[in-house]
Amino acid sequence: MADETSLNPEQGAAVEQTSGPLLVLAGAGSGKTRVLTQRIAHLIDHADVAPWNILAVTFTNKAAGEMRERIEYLVGDEAAGRLWIGTFHSVCARLLRYESKAFGLHSDFTIYDTDDCRALLRRLLVALDLSEQDFPIRQVHGEISRAKNAMIDVPTFAGRAAHNPHKRRIADIYDAYEKGLRANNAFDFDDLIVEPVRLLQRFPEVLEKCRRRWKHILVDEYQDTNRPQYLLTKLLAAEHRNLCVVGDDDQSIYQFRGADIRNILDFEKDYPEAVVVRLEQNYRSTGRILAAANAVIDNNVDRKGKNLWTALGEGDLLQVAECGDDRGEARHVVAQIRQLCSQHDYTLADAAILYRTNAQSRVLEEELRRHKMPYIIVGGTRFYERKEIKDVLAYLRLLVNPADDVGLLRVINAPKRGIGDTTVEKIALFARQTHTDLLQAALHAGEVPGLAARAVKAVATFGELMTGLAQQIHEGGLSLPELAQEVLDRSGYLEALRELDIPEADSRIDNLGELVNSMSEFSGRYEGEGIGLSQFLEDVALMSSEDEAMAGAAGGTLTMMTLHSAKGLEYPIVAICGMEEEIFPTQRAIEESRSQPRAIEEERRLCYVGITRARRHLLMSYARWRYLFGQGREMLPSRFLEELPKELVENVQVQAELAWGSPAGADRGVRRQAGGRQGANRQGTGRQGGGQSSPAKQIPKPKAPTGVHYVADEDSGLQMQFPGAGDGTGGDDLLGVGRWVQHPAWGRGQIVAREGDGDKTKLSIRFGATTKRVVAAYAQLQPI
DNA sequence: CAGCGGTTCATTTTT
DNA sequence: TGAACCGCTG
């Protein structure tokens, strides 16, 4: 809150502790990022540490980017550019590429995401003659992943499984899976951490080199580290012991995926000489909000214990709303937010709606659209996980790594070339017999036994396509976006999409255009060696959906996201919806808690995270009745609500969407008729946003392929049709949030945020995967 | 081989 | 409610 450079005594202590192990227990909103960045600046400016000797590891790309940005501000671009800042995964991927030769790996490996891994497993099950019924892919993959993260290798796993037939089969799958990955020259996410650990354990000279390189190590969100990540930092820091970890045990919300809270709880055991600093002054929230957070988290046993305090004053009561049903809840929450906005002069960008599961967003979206309120959804389907994007990337992957069978299987018949399953199977068999990869086999289609002439021809076409592209790369002179364009054209992918007579086709084509744009942007940044294809692919594989500059964005766009995605963010107004048993905490957590009472604690921490996102106004709501699994159900209020001290809470009651009758039946008919429901607006919040109502949307697009966090094109299109809809910012102009523009250098982009006004208007524009901030007056933007 | 329609399934969270 | 999967048909 205070300016960037002023520090309280604890923060100052952490910054100035420049050597030896340091544990910073940083409560929510206590300025931990400031401490981290200042500490790095301090190391460089006052402790004579070279930037390239500093390794700072974060949990998300977004956090890494923000940290780099803030450090740039402190020490300048030059020094900041030489720091090692990144996620565990990206730093490790880099390490693996550098050191690949040391242990006989290809440096051009492919990173398999969850989908790819499942595709591989699916094939392996067939090969092992096991049914997906008995071995559900999800579960098997989960089990393998858990084993890997516990550093249990295949022989060990098999040893432990000896007595259990089912486990033994899984050991076989695990074995085949590992071999499959290696044969495909691929790593999964887990490997990216686990393999470097093994590498460092096995090769002392590599370890030595790394220790010399990274003389100071800082780890953010330490409570979220898993076993291999812990081992990695331990290995690297064992000698110089300059390890600074920052975290909050109360905000550990990723144990479900292997984060080990002991890493932070036992830090002082591992490093007895560690200095411990607690940051307990919160600069974010009002007293009542903090008191509520403290009261809730106090029910957890598994914690170090701390108490946040604030100098910001009591603030308002929290509101807990009991709603008749989920739609009533949505209506109430939206109405409340509107009211708070007009009362306190906030814009919609100052508000966030949080929920436990993504599925809950739908009802809220409907309500927001009804009011023509612009919103963005953080998370959801990621851009790079869309089918069309993954398809094109698979072509590119295959060009870098011809052994990538999973990639090949993805594209050999996309677009349709008349290569069906039987043909593929024959090729696969041939590949196995001749000990090559699928691409090699496909290139020798003529030799594959039992392949009909027509199939041979089809496969040959595909083979020529790939060799042709490979050759073009070889000859050089092709830029990254040009290469992508070649793939799109020569593969016939784009053409097939154009001919496809379905409504989504257009947005898919747009997405592909964005992909090409993101490549242009990338090659602009990474001029130099080659076309940087494999670096691009790595970036993309490790990219999360949160690489956007949306925190603190002005511009009248409300944010919705899961509680998980909200970690690290803050808003003046926060609403947490679905405060109901079996939703939050989830049914699963409740079940688990029967045998393992602590299972609830992670949910409670999540609740704590949610509460502490709020700066001024916190609204929690539950519905007594909601659609779940497509069916109406009665719900009970969440136990977490009972943990809120009564004196902090104002309780309100909101009636159901339909006052009487079975909500189930009545509800349905009205549903999508946005225009038809007059009563929807009543609920009396006073002023409406944009006066003139408009004709019902012409393209209801039954499917909202959320995708990019910004509600997909058609939605922003909707917003555009109704200027003035927003509120706060006059949305009347061509450079409002949601608008698409053309930039001379970066191509097509979508405006995601807007700050300031007049000459000083700054816009954040997302071009493909990256977001740029520009001054509207200078950027030569062309609205499209 | 592709496309359709019916079925079943599951819904945490993400690098 | 919806996505993903299966089996059937053309």
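Chain naming here is simple, since letters A, B, ... match the order of the sequence lines and numbering starts at 1 in each.
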Item to check | Atom CZ of A:Arg417 with >12 non-hydrogen neighbours under 6.0 angstrom | outcome: yes
Next on the checklist: If the condition is salt bridge (charged side-chain N to carboxylate O under 4.0 Å, His left out), which residues does A:Glu592 pass it with, not counting sequence neighbours?
Outcome noted: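 So A:Glu592 forms no salt bridge (charged side-chain N to carboxylate O under 4.0 Å, His left out) with any residue.
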Item to check | All salt bridge (charged side-chain N to carboxylate O under 4.0 Å, His left out) counterparts of A:Arg639, not counting sequence neighbours | outcome: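 A:Arg639: salt bridge (charged side-chain N to carboxylate O under 4.0 Å, His left out) contacts with A:Glu581.
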[X] has an atom [atom1]; how far is it from atom [atom2] of [N], in whole Å?
X: A:Glu592; N: B:dT13; atom1: CD; atom2: C1'; value: 13 Å
X: A:Phe59; N: B:dT14; atom1: CZ; atom2: P; value: 10 Å
X: A:Arg118; N: B:dC9; atom1: CZ; atom2: P; value: 17 Å
X: A:Arg454; N: B:dC1; atom1: CZ; atom2: C1'; value: 8 Å
X: A:Gln360; N: C:dT1; atom1: CD; atom2: C1'; value: 14 Å
X: A:His564; N: B:dT11; atom1: NE2; atom2: P; value: 15 Å
X: A:Leu563; N: B:dT14; atom1: CG; atom2: C1'; value: 15 Å
X: A:Leu628; N: B:dA10; atom1: CG; atom2: P; value: 15 Å

Looking at [N], I'd like to know if its phosphate oxygens (OP1 or OP2) sit under 4.0 Å from a side-chain N or O belonging to [X].
X: A:Arg138; N: B:dC9; answer: no
X: A:Asn358; N: B:dT11; answer: no
X: A:Ser565; N: B:dT14; answer: yes

Looking only at side chains, do [X] and [Y] share a donor and an acceptor under 3.5 Å apart?
X: A:Asp108; Y: A:Ser534; answer: no
X: A:Arg227; Y: A:Asn149; answer: no
X: A:Thr58; Y: A:Asp220; answer: no
X: A:Thr422; Y: A:Glu425; answer: no

Item to check | Working for side-chain hydrogen bond (donor to acceptor under 3.5 Å, both in side chains), residues A:Ser638 and A:Glu580 | outcome: CA-CA 4 Å; A:Ser638 167; A:Glu580 292 142 45; over 6 Å; no
Item to check | Selection: residues 220-235 of chain A, any non-hydrogen atom under 4.0 Å of DNA chain B | outcome: none
Item to check | Close approaches to DNA chain B from residues 245-257 of chain A, in residue order (heavy atom, under 4.0 Å) | outcome: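 Here the set is A:Tyr254, A:Phe256, A:Arg257.
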Give one of base, sugar-phosphate or nothing for [X], where a contact means two heavy atoms less than 4.0 Å apart.
X: A:Thr114; result: base
X: A:Arg605; result: nothing
X: A:Asp113; result: nothing

Checklist entry - Do you know which of A:Tyr355, A:Phe59, A:Tyr254 makes ring-ring contact (aromatic ring centres under 6.0 Å, His included) with A:His564? => result A:Tyr254
Atom [atom1] of [X] and atom [atom2] of [Y]: how far apart are they, to the nearest 0.5 Å?
X: A:Ile253; Y: A:Cys607; atom1: CD1; atom2: SG; value: 12.0 Å
X: A:Phe584; Y: A:Ile590; atom1: CZ; atom2: CD1; value: 11.0 Å
X: A:Arg613; Y: A:Thr559; atom1: CZ; atom2: OG1; value: 14.0 Å

Next on the checklist: If you only use heavy atoms from C-beta on, which nucleotide in B:dT13, B:dT11, C:dC5 is closest to the side chain of A:Arg122?
Outcome noted: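 Output: C:dC5.
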Checklist entry - Quick one: which of C:dT1, B:dT15, B:dT13 gets closest to the side chain of A:Arg362? => result C:dT1
Item to check | Set of residues satisfying side-chain hydrogen bond (donor to acceptor under 3.5 Å, both in side chains) with respect to A:Tyr493, sequence neighbours excluded | outcome: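 Once residues adjacent in sequence are excluded, the partners of A:Tyr493 under the side-chain hydrogen bond (donor to acceptor under 3.5 Å, both in side chains) criterion are A:Asp391.
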Distances for protein N/O vs nucleotides 2-5 of chain B N/O pairs under 3.5 angstrom?
| from | atom 1 | to | atom 2 | distance (Å) |
| --- | --- | --- | --- | --- |
| B:dA2 | OP1 | A:Gly418 | N | 3.3 |
| B:dA2 | OP2 | A:Asn413 | ND2 | 3.3 |

Checklist entry - Between A:Arg588 and A:Thr422, which is nearer to the 5' end of DNA chain B once each is assigned its nearest nucleotide? => result A:Thr422
Checklist entry - When the nearest nucleotide of DNA chain B is assigned to A:Ala455 and to A:Thr562 on a heavy-atom basis, which residue is associated with the more 5' position? => result A:Ala455
